[in-house]
Amino acid sequence: MKKKIVIGFMFVFACFALSGCGCSKSNFSVSFNSNGGSSVSSQTVKSGESASKPADPTRDGYTFSGWFLDLNDSQPFDFSSKIDKDITLFAKWSS
């Protein structure tokens, strides 16, 4: 009986230890794909915080139109949104 209690206590302790081990990510990467434009540095953002809007990239013969969450330019990125995963933003250009 005493052995079962000790094993039960160890199991509960292990569950608490694993749940609080910092296994969840606290920082995320925001990468910028300038699609042929000048390079833009990645950012490390704390979970739940917003990314900083970088200076607009440049590209000869094109005008920068904004950062998007996909290559199809269908989801513009809102720099006030909270970051909760690694993301890559894509530059949109108009000629």
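Everything numeric in this text was worked out from a predicted model, so none of it was measured.
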Give the C-alpha distance, both sets of side-chain angles, the deciding distance and a yes or no for side chain to side chain contact (heavy atoms under 4.5 Å, CB included) between Thr88 and Trp67.
-> CA-CA 10 Å; Thr88 298; Trp67 292 106; over 6 Å; no

Cluster question for you: counting only ILVMFWY and a side-chain heavy-atom cut-off of under 4.5 Å, with indirect links fine, are Ile87 and Val45 together?
-> yes

Do Ser74 and Asn72 have a side chain donor and acceptor closer than 3.5 Å?
-> no

Roughly how far apart are Asp70 CG and Phe90 CZ, rounded to 0.5 Å?
-> 7.5 Å

All pairs passing side chain to side chain donor-acceptor pair (under 3.5 Å) where residues 43-53 contributes a residue, at least two apart = Lys53-Asp56

Could you state whether Ile83 and Phe68 fall into the same hydrophobic cluster, counting links through intermediate Ile, Leu, Val, Met, Phe, Trp or Tyr residues with side-chain heavy atoms under 4.5 angstrom apart?
-> no

Walk me through it: do Val30 and Leu89 pass the test side chain to side chain contact (heavy atoms under 4.5 Å, CB included)?
-> CA-CA 7 Å; Val30 178; Leu89 300 178; 4.0 Å; yes

N/O donor-acceptor pair under 3.5 Å between Arg59 side chain and Ser34 backbone | no

Does any non-hydrogen side-chain atom of Pro54 lie less than 4.5 Å from one of Phe79?
-> yes

CZ/Phe77: more than 12 non-hydrogen atoms of other groups inside 6.0 Å = yes

Distance-minimising heavy-atom pair for Ala91 and Asp73 = O-OD1, 4.4 Å

So which pairs with a foot in residues 84-95 pass salt bridge (charged side-chain N to carboxylate O under 4.0 Å, His left out), sequence neighbours left out?
-> Lys25-Asp86

Which is it for Thr58 and Phe64 under the side chain to side chain contact (heavy atoms under 4.5 Å, CB included) test, yes or no, and what are the steps along the way?
-> CA-CA 7 Å; Thr58 58; Phe64 178 70; over 6 Å; no

